Protein chains: 2
Amino acid sequence: MKEKLSELPGKTIERLSQYRRILYNSIREGKTNIYSHELARMMNLTPVQVRRDLMLIGYSGSQSKGYVIKDLVALIGKIIDSSDGQKVIIVGMGNLGRAITSYFSGKRDKLSIVAAFDNDPQKTDRIIAGIPCHHIKDVQSVIEEEQSPIAILTVSPEAAHEVAKHLLDCGIKGLLNYTSVPLTVPDDIYLEEYDIITSLEKLAYLVKSK
Amino acid sequence: MKEKLSELPGKTIERLSQYRRILYNSIREGKTNIYSHELARMMNLTPVQVRRDLMLIGYSGSQSKGYVIKDLVALIGKIIDSSDGQKVIIVGMGNLGRAITSYFSGKRDKLSIVAAFDNDPQKTDRIIAGIPCHHIKDVQSVIEEEQSPIAILTVSPEAAHEVAKHLLDCGIKGLLNYTSVPLTVPDDIYLEEYDIITSLEKLAYLVKSK
DNA sequence: TTTGCGTTGATATAAATTTCACAATACTCA
DNA sequence: TGAGTATTGTGAAATTTATATCAACGCAAA
């Protein structure tokens, strides 16, 4: 693999994560090898696109047996996981925060949610969905202690701006924003926005114009 | 506006939805007009891209005052909203289902969640987050009665395949999949997949490789 | 061995999306 | 008025992303 990792297209990285998810399922079903067209069908893509993604990460399969799932999973992990693991915090323990936490818990070894925060005393200082939930006022000390660079934001729209700013002040480098409030961050911070309504409206548009 | 709506790029449609979200906020703050660079900064895009999008939908601003927010919101609504409104159901009333429902409720006039479903008798036959929650066995009759073509899927991974298949049998035309299980659907069905872990892994990758 | 089938890997092509560059326009202020 | 400034709208170029095509390969069966 000669190319720098950072040259991988963003879309490919997203797909790598999804390939791995599917490959885990296949391993559980007892499969050891898989063809590009099988993977493609499961992802709703073309076989060519699968092969090209794998080409980009430098993985070679065999013409007769396709790809060795175990090796492929390992390589994807080498690329998208941090070697020493990365710690994530989640801020806002409403329905969405709890859903994400319990959905995520234990799914990935190299990526773990290490702490949760809320401003409601009823929720703090106890374990929720397996994660210790602190009061938001302790966020700075926990971030420093745990060395976690990534935060998931699931607070109320009203609090979003203020909390986001506070997190950046505490040294957060990557922010996954699930609130309905669009955020603006400095260039050196990575921000992923995802608004649930957006995808619903897109879908509604497509269904309508069919 | 001469061009067919279906010619709008998919990315533009997604952004239109987000523009409108931001514009609603601006209206609340008392703004009546907005420049492309203001909108761009709030969306983390370039001003040119904003202008291009608005050009594609046939909206013209003024060089001195920028765009009239009220008119722009109305035009976006005309494009992405269905004129007579569209009804959405949500299947799976766990944390995620409840989060989406309460988050969404009342946010859009033309798009409304009209019914929820679950298989847990504790949750069914009552109102949750303002939406009547039925048992999943009644899904067919409710879909027919309400004429709702779109479903949000927030059930457990184990149930995802079976429930999705059932929904398609009941005539659902668009499916928003929030489970961690990738789905395969016929060509005439619109499917939007969104996996929470994918965006987290992408973010972790970017933060790592910085 | 030889033929045929199905697969990978890779180059070339195409399509979609974004950015550049700048003309045209409207406003401000001297 | 007229120069200066800031904005929009848009054709063209650049970039990103996806698809088409095909040679090379490995295997199975005749």
Side-chain angles (χ1 to χ4, degrees), chain A residues 1-19 23 26 31-69 71-72 75-76 187 193 198 202 205-206, chain B residues 1-19 23 26 31-69 71-72 75-76 187 193 198 202 205-206:
Chain A
M1 213 179 351
K2 48 200 165 312
E3 74 277 4
K4 293 276 298 300
L5 293 183
S6 55
E7 291 168 18
L8 285 177
K11 292 286 167 87
T12 295
I13 295 168
E14 289 176 18
R15 282 193 296 265
L16 286 177
S17 166
Q18 295 172 314
Y19 290 144
L23 293 172
S26 301
K31 279 179 82 83
T32 59
N33 294 70
I34 196 165
Y35 294 117
S36 61
H37 68 260
E38 296 177 293
L39 203 41
R41 193 174 39 76
M42 289 191 276
M43 295 254 318
N44 298 310
L45 315 164
T46 65
V48 182
Q49 192 164 59
V50 172
R51 293 205 298 273
R52 214 177 70 94
D53 282 336
L54 301 192
M55 192 187 81
L56 288 175
I57 65 172
Y59 184 70
S60 283
S62 106
Q63 281 89 343
S64 48
K65 299 288 180 49
Y67 304 97
V68 179
I69 298 179
D71 295 353
L72 184 49
L75 179 57
I76 292 175
D187 281 349
E193 296 257 0
T198 295
K202 182 183 179 190
Y205 171 85
L206 292 171
Chain B
M1 214 181 343
K2 47 203 166 311
E3 73 277 1
K4 293 276 298 301
L5 292 184
S6 56
E7 291 167 17
L8 286 177
K11 293 282 169 85
T12 295
I13 293 169
E14 289 176 18
R15 282 193 297 265
L16 285 177
S17 166
Q18 296 173 314
Y19 290 144
L23 293 172
S26 301
K31 279 180 82 84
T32 59
N33 294 69
I34 196 165
Y35 294 118
S36 60
H37 67 261
E38 296 176 292
L39 203 41
R41 194 175 38 76
M42 289 192 273
M43 296 255 315
N44 299 308
L45 320 161
T46 66
V48 185
Q49 192 162 58
V50 171
R51 294 204 299 274
R52 169 79 60 193
D53 283 336
L54 301 192
M55 190 187 85
L56 288 175
I57 65 172
Y59 184 69
S60 282
S62 106
Q63 282 87 346
S64 48
K65 297 288 178 50
Y67 304 96
V68 179
I69 297 179
D71 294 353
L72 184 50
L75 180 56
I76 292 175
D187 281 350
E193 297 257 2
T198 295
K202 183 184 178 189
Y205 171 84
L206 291 171

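The model shown is predicted, which means the values in this text are computed figures rather than measured ones. Computation of the quantities below employed the complete heavy-atom set of this structure, encompassing side-chain atoms and omitting hydrogens, waters and symmetry-equivalent molecules. In the text below, chain A, chain B and the rest are named by the order of the sequence lines, each starting its count at 1.
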Original post:
Choosing from D:dT17, C:dT17, C:dC20, which nucleotide comes nearest the side chain of A:Pro9?
Top reply: D:dT17
Subject >> Closest to the A:Val48 side chain, choosing from C:dT11, D:dG11, D:dT19 >> reply: D:dT19
**OP:** Kindly compute the distance separating CG (B:Leu39) from CD (B:Gln49), expressed to the nearest 0.5 Å.
**Re:** 11.0 Å
Return the value, rounded to whole Å, for the distance between atom [atom1] of [X] and atom [atom2] of [N].
X       : N      : atom1 : atom2 : value
A:Met43 : D:dA18 : CE    : P     : 10 Å
B:Arg41 : D:dT7  : CZ    : P     : 12 Å
B:Ile57 : D:dT10 : CD1   : P     : 13 Å
A:Arg52 : D:dC22 : CZ    : C1'   : 17 Å
B:Met55 : D:dG11 : CE    : C1'   : 9 Å
A:Arg15 : D:dT19 : CZ    : P     : 9 Å
A:Lys11 : C:dA16 : NZ    : P     : 13 Å
B:Leu56 : D:dT8  : CG    : C1'   : 14 Å

**OP:** Would you please name every residue forming a salt bridge (charged side-chain N to carboxylate O under 4.0 Å, His left out) with A:Arg15, sequence neighbours left out?
**Re:** A:Asp53
Original post:
Taking side chain as C-beta onward, heavy atoms only, is B:Leu72 less than 4.5 Å from B:Val68?
Top reply: no
Between the protein and nucleotides 4-8 of chain C, are there any N/O to N/O pairs under 3.5 Å, and if so, what are the atom names and distances?
unit_1	atom_1	unit_2	atom_2	d
C:dT7	O4'	A:Gln63	O	3.4
C:dT8	OP1	A:Ser36	N	3.0
C:dT8	OP2	A:Ser36	OG	2.5

Subject >> B:Tyr35 and B:Arg41: CA distance, side-chain angles, deciding distance, side-chain contact (heavy atoms from CB on, under 4.5 Å) verdict >> reply: CA-CA 10 Å; B:Tyr35 294 118; B:Arg41 194 175 38 76; over 6 Å; no
Subject >> Candidate pair A:Gln18 and A:Leu45, rule side-chain contact (heavy atoms from CB on, under 4.5 Å), full reasoning >> reply: CA-CA 12 Å; A:Gln18 295 172 314; A:Leu45 315 164; over 6 Å; no
**OP:** Select from A:Gln49 and B:Leu54 the residue whose nearest nucleotide in DNA chain D is closer to the 5' end of that strand.
**Re:** B:Leu54
Original post:
What do the steps show when you test A:Ser26 against A:Glu38 for side-chain contact (heavy atoms from CB on, under 4.5 Å), and what is the final call?
Top reply: CA-CA 11 Å; A:Ser26 301; A:Glu38 296 177 293; over 6 Å; no
Original post:
Does A:Ser62 have any side-chain contact (heavy atoms from CB on, under 4.5 Å) partners at least two apart in sequence or in another chain, and if so, which?
Top reply: A:Ser64, A:Lys65
